[in-house]
Amino acid sequence: MRKRVILTPQQKIALYASNGIWYEALTAAAELRRTNSNDPNWANLLQEVGLSKIASEAIVEN
């Protein structure tokens with residue numbers, strides 16, 4: 001039987017990003033930023049892909 005590993009939101013973001021699963025990485029980082037505007041994961045992720053100019057912009061919801 002396999003043991004389930006429970007990851008923190010920060011660990012999920014790192015795992016998704018390191019495996020090129022950008023939609024999930026951005027979604028998880030955006031959710032963290034939505035609940036905690038001081039969380040650095042959103043800005044860090046955008047800076048990693050050369051989007052630092054928009055890292056501090058507000059997330060617009062529909």
Side-chain angles (χ1 to χ4, degrees):
M1 193 178 283
R2 288 187 174 187
K3 187 176 182 179
R4 287 196 116 172
V5 176
I6 299 174
L7 301 174
T8 66
Q10 293 84 357
Q11 290 171 321
K12 287 180 184 179
I13 293 167
L15 179 66
Y16 293 144
S18 66
N19 286 287
I21 307 170
W22 293 107
Y23 181 81
E24 294 296 332
L26 286 170
T27 300
E31 183 61 34
L32 270 180
R33 185 168 186 224
R34 195 174 303 120
T35 59
N36 177 6
S37 62
N38 295 324
D39 186 87
N41 285 288
W42 176 256
N44 293 343
L45 187 60
L46 292 179
Q47 288 170 0
E48 280 185 36
V49 295
L51 297 173
S52 57
K53 288 184 180 181
I54 65 167
S56 63
E57 297 294 324
I59 296 175
V60 179
E61 294 186 37
N62 292 330

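One is the number of the first residue; the rest follow in order along the sequence.
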Nearest heavy-atom pair of [X] and [Y]: which atoms, and what distance?
X     : Y     : value
Trp22 : Val49 : CH2-CG1, 3.8 Å
Gln47 : Ser52 : CG-CB, 3.5 Å
Glu57 : Arg33 : O-NH1, 2.6 Å
Ala25 : Ala17 : CB-N, 3.9 Å
Ala43 : Ala55 : CA-CB, 3.8 Å

Separation of [Y] [atom2] from [X] [atom1] (nearest 0.5 Å):
X     : Y     : atom1 : atom2 : answer
Asn44 : Asp39 : CG    : CG    : 8.5 Å
Glu31 : Ile13 : CD    : CD1   : 10.0 Å
Leu32 : Thr27 : CG    : OG1   : 11.5 Å

Item to complete: Could you go through the side chain to side chain contact (heavy atoms under 4.5 Å, CB included) check for Leu26 and Leu46 one step at a time?
Response: CA-CA 9 Å; Leu26 286 170; Leu46 292 179; 4.0 Å; yes

Practice prompt. Give a yes or no answer on whether the side chain of Gln11 reaches the backbone of Thr8 with a donor-acceptor pair at less than 3.5 Å.
Written response: yes

Practice prompt. Taking the side chain as every heavy atom from C-beta outward, state whether Leu45 and Leu51 have any atom pair closer than 4.5 Å.
Written response: no

